[in-house]
Number of protein chains: 2
Amino acid sequence: MNVEQWKEEFFLILDEDKMTQKQKQILLAAVEVFAEKGYAGASTAEIAKRAEVAEGTIFRHYRTKKELLLSIVAPVMAKLVAPFLIEDIRKILDKDFPSYETFLRALIINRMEFLRRHFSVVKIFMQEIPFHDELKENFRHYVIENVLTRFKQIVEHFQERGELIELPVMAIIRHTATSIGGLLIARFLIIPEEEWEEDRVIEETVQMILYGIKAKG
Amino acid sequence: MNVEQWKEEFFLILDEDKMTQKQKQILLAAVEVFAEKGYAGASTAEIAKRAEVAEGTIFRHYRTKKELLLSIVAPVMAKLVAPFLIEDIRKILDKDFPSYETFLRALIINRMEFLRRHFSVVKIFMQEIPFHDELKENFRHYVIENVLTRFKQIVEHFQERGELIELPVMAIIRHTATSIGGLLIARFLIIPEEEWEEDRVIEETVQMILYGIKAKG
DNA sequence: CAATTTAATGAGTAAGTACTCACTCTTATT
DNA sequence: AATAAGAGTGAGTACTTACTCATTAAATTG
(Lines give C-alpha, C1' and ligand atoms only; values in the text may rest on other atoms or scores of the structure.)
Protein backbone atom coordinates (compact mmCIF):
# COMPACT_ATOMS: atom_id res chain seq x y z
CA MET A 1 0.00 0.00 0.00
CA ASN A 2 1.17 3.43 -0.90
CA VAL A 3 2.27 5.69 1.91
CA GLU A 4 2.14 8.80 -0.23
CA GLN A 5 -1.49 8.12 -0.87
CA TRP A 6 -2.81 8.88 2.56
CA LYS A 7 0.04 10.95 3.93
CA GLU A 8 -1.41 14.34 3.05
CA GLU A 9 -4.88 13.47 4.25
CA PHE A 10 -3.48 12.08 7.46
CA PHE A 11 -1.84 15.35 8.31
CA LEU A 12 -4.92 17.30 7.41
CA ILE A 13 -6.62 15.56 10.29
CA LEU A 14 -3.93 16.50 12.78
CA ASP A 15 -2.93 20.17 12.79
CA GLU A 16 0.14 19.70 10.79
CA ASP A 17 1.36 23.28 10.96
CA LYS A 18 2.20 23.11 14.61
CA MET A 19 4.39 20.07 14.13
CA THR A 20 8.10 19.96 13.47
CA GLN A 21 9.50 17.99 10.58
CA LYS A 22 10.87 15.33 12.91
CA GLN A 23 7.50 14.94 14.60
CA LYS A 24 5.92 14.18 11.25
CA GLN A 25 8.62 11.62 10.55
CA ILE A 26 7.89 10.00 13.88
CA LEU A 27 4.16 9.71 13.18
CA LEU A 28 4.75 8.30 9.72
CA ALA A 29 7.21 5.73 11.03
CA ALA A 30 4.97 4.84 13.96
CA VAL A 31 2.01 4.16 11.65
CA GLU A 32 4.24 1.95 9.55
CA VAL A 33 5.62 -0.10 12.43
CA PHE A 34 2.35 -0.34 14.38
CA ALA A 35 0.55 -1.58 11.28
CA GLU A 36 3.27 -4.12 10.58
CA LYS A 37 3.97 -5.53 14.03
CA GLY A 38 1.13 -4.38 16.22
CA TYR A 39 1.43 -2.05 19.20
CA ALA A 40 2.98 -4.54 21.61
CA GLY A 41 5.31 -5.89 18.99
CA ALA A 42 6.58 -2.48 17.94
CA SER A 43 9.56 -1.04 19.79
CA THR A 44 10.19 2.65 20.21
CA ALA A 45 13.76 1.92 19.14
CA GLU A 46 12.61 0.72 15.74
CA ILE A 47 10.18 3.59 15.28
CA ALA A 48 13.00 6.03 16.04
CA LYS A 49 15.29 4.27 13.62
CA ARG A 50 12.78 4.31 10.77
CA ALA A 51 11.96 7.94 11.48
CA GLU A 52 15.68 8.69 11.43
CA VAL A 53 15.40 10.33 14.79
CA ALA A 54 16.90 9.75 18.21
CA GLU A 55 14.79 7.64 20.52
CA GLY A 56 14.64 10.47 23.01
CA THR A 57 12.96 12.71 20.45
CA ILE A 58 9.89 10.49 20.49
CA PHE A 59 9.48 11.01 24.21
CA ARG A 60 10.00 14.77 23.90
CA HIS A 61 6.73 14.90 21.94
CA TYR A 62 4.83 11.97 23.41
CA ARG A 63 5.15 11.18 27.08
CA THR A 64 4.53 7.45 26.59
CA LYS A 65 4.34 4.93 23.80
CA LYS A 66 0.61 4.68 24.35
CA GLU A 67 0.17 8.43 23.92
CA LEU A 68 1.86 8.06 20.55
CA LEU A 69 -0.61 5.35 19.58
CA LEU A 70 -3.61 7.41 20.66
CA SER A 71 -2.40 10.51 18.85
CA ILE A 72 -2.42 8.48 15.65
CA VAL A 73 -5.64 6.60 16.15
CA ALA A 74 -7.91 9.14 17.84
CA PRO A 75 -8.27 11.71 15.04
CA VAL A 76 -8.95 9.04 12.43
CA MET A 77 -11.55 7.47 14.66
CA ALA A 78 -13.24 10.84 14.92
CA LYS A 79 -13.42 11.03 11.13
CA LEU A 80 -14.62 7.45 10.92
CA VAL A 81 -18.11 8.50 11.91
CA ALA A 82 -18.09 11.66 9.79
CA PRO A 83 -20.88 10.71 7.36
CA PHE A 84 -23.24 10.35 10.31
CA LEU A 85 -22.40 13.63 11.98
CA ILE A 86 -24.93 15.65 9.99
CA GLU A 87 -26.99 17.71 12.41
CA ASP A 88 -30.47 16.79 11.26
CA ILE A 89 -30.40 13.73 9.12
CA ARG A 90 -34.07 14.16 8.23
CA LYS A 91 -33.30 17.28 6.25
CA ILE A 92 -30.91 15.28 4.12
CA LEU A 93 -33.34 12.44 3.48
CA ASP A 94 -35.70 12.73 0.46
CA LYS A 95 -33.68 15.67 -0.80
CA ASP A 96 -30.23 14.10 -1.17
CA PHE A 97 -31.32 10.54 -0.60
CA PRO A 98 -34.73 9.91 -2.13
CA SER A 99 -34.36 6.17 -1.57
CA TYR A 100 -32.44 3.78 0.67
CA GLU A 101 -30.70 2.61 -2.47
CA THR A 102 -29.28 6.08 -3.14
CA PHE A 103 -28.18 6.33 0.45
CA LEU A 104 -26.56 2.90 0.32
CA ARG A 105 -24.61 3.68 -2.81
CA ALA A 106 -23.35 6.98 -1.41
CA LEU A 107 -22.37 5.32 1.85
CA ILE A 108 -20.35 2.59 0.16
CA ILE A 109 -18.52 5.01 -2.10
CA ASN A 110 -17.83 7.30 0.82
CA ARG A 111 -16.44 4.55 3.03
CA MET A 112 -14.33 3.18 0.21
CA GLU A 113 -12.77 6.57 -0.32
CA PHE A 114 -12.16 6.85 3.40
CA LEU A 115 -10.44 3.48 3.60
CA ARG A 116 -8.37 4.17 0.53
CA ARG A 117 -6.98 7.18 2.39
CA HIS A 118 -6.69 5.87 5.94
CA PHE A 119 -6.32 2.15 5.58
CA SER A 120 -3.12 1.82 7.64
CA VAL A 121 -4.51 3.72 10.58
CA VAL A 122 -7.86 1.95 10.50
CA LYS A 123 -5.97 -1.34 10.44
CA ILE A 124 -4.00 -0.32 13.52
CA PHE A 125 -7.20 0.77 15.19
CA MET A 126 -8.96 -2.52 14.56
CA GLN A 127 -5.94 -4.55 15.61
CA GLU A 128 -5.59 -2.72 18.90
CA ILE A 129 -9.21 -2.31 19.93
CA PRO A 130 -9.32 -5.59 21.87
CA PHE A 131 -6.38 -4.60 24.07
CA HIS A 132 -7.04 -0.99 25.00
CA ASP A 133 -10.02 -0.03 27.08
CA GLU A 134 -9.69 3.65 26.12
CA LEU A 135 -10.12 2.75 22.46
CA LYS A 136 -13.01 0.43 23.20
CA GLU A 137 -14.76 3.01 25.35
CA ASN A 138 -14.17 5.83 22.91
CA PHE A 139 -15.39 3.76 19.99
CA ARG A 140 -18.53 2.61 21.76
CA HIS A 141 -19.34 6.20 22.64
CA TYR A 142 -18.78 7.51 19.13
CA VAL A 143 -20.60 4.71 17.37
CA ILE A 144 -23.58 4.42 19.65
CA GLU A 145 -23.96 8.17 20.12
CA ASN A 146 -23.61 9.19 16.50
CA VAL A 147 -23.70 6.41 13.96
CA LEU A 148 -26.30 4.19 15.51
CA THR A 149 -28.88 6.83 16.37
CA ARG A 150 -28.69 8.45 12.91
CA PHE A 151 -28.70 5.11 11.17
CA LYS A 152 -31.81 4.17 13.11
CA GLN A 153 -33.55 7.35 11.96
CA ILE A 154 -32.68 6.58 8.37
CA VAL A 155 -33.92 3.01 8.46
CA GLU A 156 -37.11 4.00 10.27
CA HIS A 157 -37.69 6.73 7.74
CA PHE A 158 -37.60 4.35 4.81
CA GLN A 159 -39.61 1.77 6.69
CA GLU A 160 -42.38 4.32 7.23
CA ARG A 161 -42.34 5.07 3.53
CA GLY A 162 -42.77 1.37 2.85
CA GLU A 163 -39.46 0.96 1.06
CA LEU A 164 -37.89 -1.38 3.60
CA ILE A 165 -39.30 -4.54 5.16
CA GLU A 166 -40.57 -4.44 8.71
CA LEU A 167 -37.82 -6.48 10.35
CA PRO A 168 -36.28 -5.09 13.57
CA VAL A 169 -34.32 -1.92 12.80
CA MET A 170 -31.17 -3.34 14.37
CA ALA A 171 -31.34 -6.41 12.15
CA ILE A 172 -31.49 -4.26 9.01
CA ILE A 173 -28.64 -2.05 10.23
CA ARG A 174 -26.55 -5.08 11.09
CA HIS A 175 -27.14 -6.64 7.70
CA THR A 176 -26.36 -3.40 5.85
CA ALA A 177 -23.21 -2.63 7.83
CA THR A 178 -22.08 -6.22 7.64
CA SER A 179 -22.48 -6.43 3.87
CA ILE A 180 -20.60 -3.18 3.32
CA GLY A 181 -17.93 -4.19 5.83
CA GLY A 182 -17.48 -7.54 4.11
CA LEU A 183 -16.97 -5.86 0.76
CA LEU A 184 -14.43 -3.44 2.22
CA ILE A 185 -12.51 -6.19 4.00
CA ALA A 186 -12.35 -8.24 0.82
CA ARG A 187 -11.34 -5.21 -1.24
CA PHE A 188 -8.67 -3.77 1.03
CA LEU A 189 -7.54 -6.58 3.31
CA ILE A 190 -7.95 -10.01 1.77
CA ILE A 191 -7.40 -9.48 -1.96
CA PRO A 192 -6.21 -5.89 -2.45
CA GLU A 193 -3.92 -6.91 -5.29
CA GLU A 194 -6.80 -8.01 -7.50
CA GLU A 195 -8.09 -5.70 -10.21
CA TRP A 196 -11.39 -4.59 -8.72
CA GLU A 197 -14.03 -3.13 -11.00
CA GLU A 198 -15.30 -1.03 -8.16
CA ASP A 199 -18.39 0.35 -9.90
CA ARG A 200 -19.53 -3.14 -10.73
CA VAL A 201 -18.99 -4.70 -7.30
CA ILE A 202 -20.65 -1.73 -5.64
CA GLU A 203 -23.73 -2.23 -7.80
CA GLU A 204 -23.70 -5.96 -7.09
CA THR A 205 -23.48 -5.32 -3.39
CA VAL A 206 -26.31 -2.78 -3.42
CA GLN A 207 -28.44 -5.22 -5.36
CA MET A 208 -27.74 -8.11 -3.00
CA ILE A 209 -28.45 -6.02 0.07
CA LEU A 210 -31.76 -4.83 -1.32
CA TYR A 211 -33.02 -7.86 -3.25
CA GLY A 212 -31.03 -10.77 -1.89
CA ILE A 213 -29.48 -13.58 -3.89
CA LYS A 214 -32.55 -15.68 -4.59
CA ALA A 215 -33.77 -15.81 -8.16
CA LYS A 216 -37.19 -14.28 -8.82
CA GLY A 217 -40.25 -16.11 -10.10
CA MET B 1 -17.09 -15.93 28.59
CA ASN B 2 -17.14 -19.26 30.30
CA VAL B 3 -13.94 -21.23 30.34
CA GLU B 4 -15.64 -24.45 31.38
CA GLN B 5 -17.79 -24.24 28.28
CA TRP B 6 -15.12 -24.96 25.72
CA LYS B 7 -12.53 -26.67 27.91
CA GLU B 8 -13.63 -30.20 27.24
CA GLU B 9 -14.10 -29.68 23.52
CA PHE B 10 -10.73 -27.99 23.30
CA PHE B 11 -9.00 -31.02 24.65
CA LEU B 12 -10.94 -33.31 22.39
CA ILE B 13 -9.16 -31.64 19.50
CA LEU B 14 -5.74 -32.14 20.99
CA ASP B 15 -4.98 -35.67 22.19
CA GLU B 16 -5.55 -34.97 25.77
CA ASP B 17 -4.57 -38.37 27.08
CA LYS B 18 -0.92 -38.02 26.26
CA MET B 19 -0.67 -34.76 28.17
CA THR B 20 0.28 -34.29 31.76
CA GLN B 21 -1.86 -32.30 34.14
CA LYS B 22 0.59 -29.41 34.12
CA GLN B 23 0.66 -29.32 30.36
CA LYS B 24 -3.09 -28.88 30.30
CA GLN B 25 -2.80 -26.08 32.82
CA ILE B 26 -0.24 -24.39 30.59
CA LEU B 27 -2.48 -24.56 27.52
CA LEU B 28 -5.47 -23.27 29.43
CA ALA B 29 -3.50 -20.39 30.88
CA ALA B 30 -1.90 -19.60 27.53
CA VAL B 31 -5.28 -19.36 25.82
CA GLU B 32 -6.44 -17.05 28.57
CA VAL B 33 -3.45 -14.71 28.43
CA PHE B 34 -3.11 -14.73 24.64
CA ALA B 35 -6.79 -13.83 24.26
CA GLU B 36 -6.48 -11.07 26.84
CA LYS B 37 -3.22 -9.43 25.87
CA GLY B 38 -2.34 -10.78 22.45
CA TYR B 39 0.68 -12.88 21.60
CA ALA B 40 3.28 -10.10 21.76
CA GLY B 41 1.77 -8.65 24.92
CA ALA B 42 1.71 -11.97 26.76
CA SER B 43 4.79 -12.98 28.71
CA THR B 44 5.78 -16.56 29.39
CA ALA B 45 6.26 -15.50 33.01
CA GLU B 46 2.59 -14.61 33.33
CA ILE B 47 1.42 -17.73 31.57
CA ALA B 48 3.52 -19.81 33.94
CA LYS B 49 2.15 -17.94 36.93
CA ARG B 50 -1.48 -18.41 35.90
CA ALA B 51 -0.86 -22.06 35.13
CA GLU B 52 0.73 -22.39 38.57
CA VAL B 53 3.78 -23.91 36.98
CA ALA B 54 7.46 -23.00 36.82
CA GLU B 55 8.46 -21.03 33.75
CA GLY B 56 10.89 -23.75 32.74
CA THR B 57 8.04 -26.25 32.50
CA ILE B 58 6.56 -24.36 29.57
CA PHE B 59 9.79 -24.78 27.62
CA ARG B 60 10.01 -28.48 28.51
CA HIS B 61 6.88 -29.01 26.38
CA TYR B 62 7.18 -26.21 23.83
CA ARG B 63 10.55 -25.22 22.48
CA THR B 64 9.50 -21.63 21.88
CA LYS B 65 6.69 -19.26 22.72
CA LYS B 66 5.56 -19.37 19.13
CA GLU B 67 5.36 -23.17 19.21
CA LEU B 68 2.99 -22.79 22.13
CA LEU B 69 0.82 -20.40 20.14
CA LEU B 70 0.71 -22.70 17.12
CA SER B 71 -0.10 -25.75 19.23
CA ILE B 72 -3.20 -23.91 20.41
CA VAL B 73 -4.29 -22.34 17.17
CA ALA B 74 -3.47 -24.99 14.56
CA PRO B 75 -5.89 -27.74 15.62
CA VAL B 76 -8.78 -25.31 15.92
CA MET B 77 -8.02 -23.88 12.51
CA ALA B 78 -8.15 -27.38 11.10
CA LYS B 79 -11.63 -27.81 12.56
CA LEU B 80 -12.67 -24.40 11.30
CA VAL B 81 -13.16 -25.73 7.81
CA ALA B 82 -14.75 -28.99 8.94
CA PRO B 83 -18.21 -28.49 7.38
CA PHE B 84 -16.57 -28.20 3.97
CA LEU B 85 -14.40 -31.27 4.21
CA ILE B 86 -17.06 -33.65 2.90
CA GLU B 87 -15.56 -35.76 0.16
CA ASP B 88 -18.12 -35.25 -2.55
CA ILE B 89 -20.34 -32.32 -1.80
CA ARG B 90 -22.65 -33.19 -4.71
CA LYS B 91 -23.78 -36.33 -2.93
CA ILE B 92 -24.89 -34.21 -0.02
CA LEU B 93 -26.77 -31.66 -2.09
CA ASP B 94 -30.43 -32.34 -2.91
CA LYS B 95 -30.45 -35.13 -0.34
CA ASP B 96 -29.48 -33.27 2.82
CA PHE B 97 -29.76 -29.79 1.35
CA PRO B 98 -32.65 -29.61 -1.11
CA SER B 99 -32.33 -25.82 -1.26
CA TYR B 100 -29.75 -23.12 -0.63
CA GLU B 101 -31.97 -21.97 2.20
CA THR B 102 -31.64 -25.31 3.98
CA PHE B 103 -27.90 -25.24 3.45
CA LEU B 104 -27.67 -21.67 4.75
CA ARG B 105 -29.60 -22.44 7.89
CA ALA B 106 -27.49 -25.52 8.63
CA LEU B 107 -24.28 -23.57 8.03
CA ILE B 108 -25.24 -20.75 10.39
CA ILE B 109 -26.28 -23.12 13.16
CA ASN B 110 -23.12 -25.15 12.70
CA ARG B 111 -20.79 -22.15 12.82
CA MET B 112 -22.61 -20.75 15.85
CA GLU B 113 -22.10 -23.99 17.69
CA PHE B 114 -18.47 -23.99 16.69
CA LEU B 115 -17.88 -20.46 17.94
CA ARG B 116 -19.73 -21.11 21.16
CA ARG B 117 -17.18 -23.84 21.83
CA HIS B 118 -13.97 -22.32 20.49
CA PHE B 119 -14.51 -18.60 20.73
CA SER B 120 -11.35 -17.83 22.71
CA VAL B 121 -9.08 -19.68 20.34
CA VAL B 122 -10.72 -18.27 17.23
CA LYS B 123 -10.31 -14.82 18.74
CA ILE B 124 -6.60 -15.44 19.27
CA PHE B 125 -6.33 -16.77 15.75
CA MET B 126 -7.96 -13.71 14.19
CA GLN B 127 -5.93 -11.34 16.34
CA GLU B 128 -2.64 -12.92 15.37
CA ILE B 129 -3.22 -13.65 11.69
CA PRO B 130 -1.81 -10.29 10.53
CA PHE B 131 1.50 -10.85 12.31
CA HIS B 132 2.41 -14.47 11.57
CA ASP B 133 3.11 -15.61 8.06
CA GLU B 134 2.73 -19.28 9.03
CA LEU B 135 -0.83 -18.61 10.12
CA LYS B 136 -1.62 -16.57 7.03
CA GLU B 137 -0.18 -19.20 4.72
CA ASN B 138 -1.85 -22.05 6.50
CA PHE B 139 -5.19 -20.28 6.50
CA ARG B 140 -5.02 -19.36 2.82
CA HIS B 141 -4.24 -22.94 1.94
CA TYR B 142 -7.04 -24.38 4.06
CA VAL B 143 -9.65 -21.88 2.97
CA ILE B 144 -8.87 -21.77 -0.72
CA GLU B 145 -8.24 -25.48 -1.04
CA ASN B 146 -11.26 -26.69 0.89
CA VAL B 147 -13.84 -24.07 1.71
CA LEU B 148 -13.77 -22.02 -1.43
CA THR B 149 -13.82 -24.86 -3.97
CA ARG B 150 -16.70 -26.64 -2.22
CA PHE B 151 -18.60 -23.44 -1.68
CA LYS B 152 -18.25 -22.67 -5.39
CA GLN B 153 -19.70 -26.08 -6.25
CA ILE B 154 -22.64 -25.44 -3.98
CA VAL B 155 -23.45 -22.01 -5.37
CA GLU B 156 -23.06 -23.20 -8.97
CA HIS B 157 -25.31 -26.14 -8.24
CA PHE B 158 -28.14 -23.93 -7.03
CA GLN B 159 -27.55 -21.44 -9.81
CA GLU B 160 -27.99 -24.21 -12.36
CA ARG B 161 -31.23 -25.16 -10.69
CA GLY B 162 -32.39 -21.59 -11.05
CA GLU B 163 -32.65 -20.95 -7.31
CA LEU B 164 -29.92 -18.32 -7.14
CA ILE B 165 -29.40 -15.23 -9.28
CA GLU B 166 -26.72 -15.25 -11.94
CA LEU B 167 -24.29 -12.84 -10.27
CA PRO B 168 -20.61 -13.89 -10.16
CA VAL B 169 -20.16 -16.88 -7.86
CA MET B 170 -17.56 -15.06 -5.79
CA ALA B 171 -19.94 -12.17 -5.19
CA ILE B 172 -22.60 -14.53 -3.86
CA ILE B 173 -20.10 -16.35 -1.67
CA ARG B 174 -18.74 -13.10 -0.34
CA HIS B 175 -22.20 -11.82 0.48
CA THR B 176 -23.21 -15.05 2.18
CA ALA B 177 -20.02 -15.40 4.21
CA THR B 178 -20.07 -11.73 5.09
CA SER B 179 -23.68 -11.82 6.32
CA ILE B 180 -23.05 -14.86 8.47
CA GLY B 181 -19.77 -13.44 9.75
CA GLY B 182 -21.46 -10.19 10.68
CA LEU B 183 -24.10 -12.01 12.66
CA LEU B 184 -21.48 -14.08 14.49
CA ILE B 185 -19.33 -11.04 15.29
CA ALA B 186 -22.33 -9.18 16.67
CA ARG B 187 -23.46 -12.23 18.64
CA PHE B 188 -20.15 -13.25 20.19
CA LEU B 189 -17.90 -10.22 20.05
CA ILE B 190 -19.80 -6.94 20.13
CA ILE B 191 -22.85 -7.65 22.25
CA PRO B 192 -22.43 -11.12 23.73
CA GLU B 193 -24.16 -10.09 26.95
CA GLU B 194 -27.49 -9.42 25.23
CA GLU B 195 -30.21 -12.02 25.37
CA TRP B 196 -30.16 -13.34 21.82
CA GLU B 197 -33.21 -15.18 20.52
CA GLU B 198 -30.98 -17.21 18.28
CA ASP B 199 -33.70 -18.99 16.33
CA ARG B 200 -35.29 -15.68 15.45
CA VAL B 201 -32.12 -13.86 14.36
CA ILE B 202 -31.02 -16.87 12.33
CA GLU B 203 -34.32 -16.81 10.44
CA GLU B 204 -34.04 -13.05 9.93
CA THR B 205 -30.53 -13.44 8.59
CA VAL B 206 -31.50 -16.24 6.22
CA GLN B 207 -34.39 -14.15 4.96
CA MET B 208 -32.24 -11.06 4.40
CA ILE B 209 -29.57 -13.01 2.57
CA LEU B 210 -32.11 -14.60 0.25
CA TYR B 211 -34.67 -11.85 -0.24
CA GLY B 212 -32.88 -8.66 0.79
CA ILE B 213 -34.31 -5.85 2.88
CA LYS B 214 -36.42 -4.11 0.26
CA ALA B 215 -40.16 -4.30 0.71
CA LYS B 216 -42.07 -6.22 -1.98
CA GLY B 217 -44.68 -4.82 -4.31
C1' DC C 1 22.83 40.18 17.89
C1' DA C 2 22.24 38.60 22.50
C1' DA C 3 19.02 36.17 25.36
C1' DT C 4 15.81 32.80 26.08
C1' DT C 5 13.00 29.28 24.85
C1' DT C 6 12.24 25.10 22.48
C1' DA C 7 13.89 20.81 19.80
C1' DA C 8 16.96 17.11 19.50
C1' DT C 9 20.26 14.02 21.09
C1' DG C 10 22.18 9.43 22.75
C1' DA C 11 24.28 7.24 26.56
C1' DG C 12 22.27 5.44 30.68
C1' DT C 13 18.78 2.80 33.70
C1' DA C 14 15.85 -0.38 35.90
C1' DA C 15 12.63 -3.62 34.79
C1' DG C 16 11.34 -6.86 31.76
C1' DT C 17 12.02 -10.53 27.93
C1' DA C 18 12.36 -15.48 26.08
C1' DC C 19 14.93 -19.15 26.91
C1' DT C 20 18.73 -22.48 29.28
C1' DC C 21 20.52 -25.73 32.35
C1' DA C 22 22.02 -28.33 36.22
C1' DC C 23 19.46 -30.31 39.34
C1' DT C 24 15.46 -32.82 41.92
C1' DC C 25 11.27 -35.34 42.03
C1' DT C 26 7.88 -38.67 40.11
C1' DT C 27 6.57 -42.53 37.63
C1' DA C 28 7.23 -46.71 34.98
C1' DT C 29 10.06 -50.85 33.81
C1' DT C 30 12.79 -54.58 34.82
C1' DA D 1 14.48 -52.72 44.92
C1' DA D 2 17.33 -50.87 41.41
C1' DT D 3 17.50 -48.39 37.19
C1' DA D 4 16.11 -45.47 33.71
C1' DA D 5 13.42 -41.83 31.70
C1' DG D 6 10.75 -38.23 31.70
C1' DA D 7 8.48 -34.13 34.20
C1' DG D 8 9.19 -30.22 36.90
C1' DT D 9 11.93 -26.64 38.88
C1' DG D 10 13.88 -21.86 39.52
C1' DA D 11 17.98 -19.30 39.54
C1' DG D 12 20.71 -17.58 35.91
C1' DT D 13 21.75 -15.47 31.03
C1' DA D 14 22.13 -12.39 27.42
C1' DC D 15 19.34 -9.24 25.44
C1' DT D 16 15.51 -5.93 24.78
C1' DT D 17 12.19 -2.82 26.69
C1' DA D 18 10.15 1.95 27.58
C1' DC D 19 11.64 5.85 29.40
C1' DT D 20 15.12 9.66 31.65
C1' DC D 21 18.30 13.36 31.74
C1' DA D 22 22.24 16.19 31.22
C1' DT D 23 23.97 18.33 27.30
C1' DT D 24 24.03 20.44 22.64
C1' DA D 25 21.80 22.60 18.48
C1' DA D 26 18.34 25.40 16.46
C1' DA D 27 14.77 28.59 16.37
C1' DT D 28 12.38 32.60 18.30
C1' DT D 29 12.19 36.75 20.50
C1' DG D 30 13.40 41.62 22.45
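Small disclaimer: the values here were computed from a predicted structure and weren't measured. Below, chains carry the letters A, B, ... as their sequence lines are ordered, and counting in each starts from 1.
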Do A:His141 and A:Glu145 get their side chains close enough for a donor-acceptor pair, meaning under 3.5 Å? no
Say whether, by atom type as modelled, one donor and one acceptor occur between the side chain of B:Thr178 and the main chain of B:Arg174 under 3.5 angstrom. yes
Any side-chain to backbone donor/acceptor pair from A:Trp196 onto A:Ile191? Under 3.5 Å, distance only. yes
Do A:Tyr142 and A:Leu80 come within less than 4.5 Å of each other through their side chains, counting heavy atoms only? no
Aromatic A:Tyr39 / basic A:Lys65 pairing, under 6.0 angstrom, 45° off normal: yes
Salt bridge check, B:Arg116 against B:Glu198: does any charged N sit closer than 4.0 Å to a carboxylate O? yes
Measure the distance from CD1 on A:Ile26 to P on C:dA8 and round it to the nearest whole Å. 7 Å
Between A:His61 and C:dT6, is there a contact of a side-chain N or O with OP1 or OP2 at under 4.0 Å? no
Please pick, from C:dA18, C:dT9, C:dA7, the nucleotide with the shortest atom-to-atom distance to any side-chain atom of A:Thr20. C:dA7
Regarding B:Ala51, tell me which of base, sugar-phosphate or nothing describes its non-hydrogen contacts under 4.0 Å with the strands shown. nothing
Chain A on DNA chain D: first and last contacting nucleotide, 5' to 3', under 4.0 Å to a heavy atom? D:dT17 to D:dA22
Please tell me if A:Thr57 has a side-chain N or O lying less than 4.0 Å from either OP1 or OP2 of C:dT9. yes
Just how far, in rounded Å, is P of C:dA7 from CD1 of A:Ile58? 16 Å
Would you give a per-nucleotide map of nucleotides 19-28 of chain C, 5' to 3', where B means the base has a protein non-hydrogen atom under 4.0 Å away, S means only the sugar-phosphate does, and - means neither? BB-B------
So what does B:Ala48 touch, heavy atoms closer than 4.0 Å: a base, only the sugar-phosphate, or nothing? nothing
Could you give me the CA-CA distance, side-chain angles and deciding distance for B:Lys66 and B:Glu134, then say whether salt bridge (charged side-chain N to carboxylate O under 4.0 Å, His left out) is met? CA-CA 10 Å; B:Lys66 187 158 234 165; B:Glu134 319 92 302; 3.4 Å; yes
Could you list the residues that satisfy salt bridge (charged side-chain N to carboxylate O under 4.0 Å, His left out) with B:Glu46, not counting sequence neighbours? B:Lys37, B:Arg50
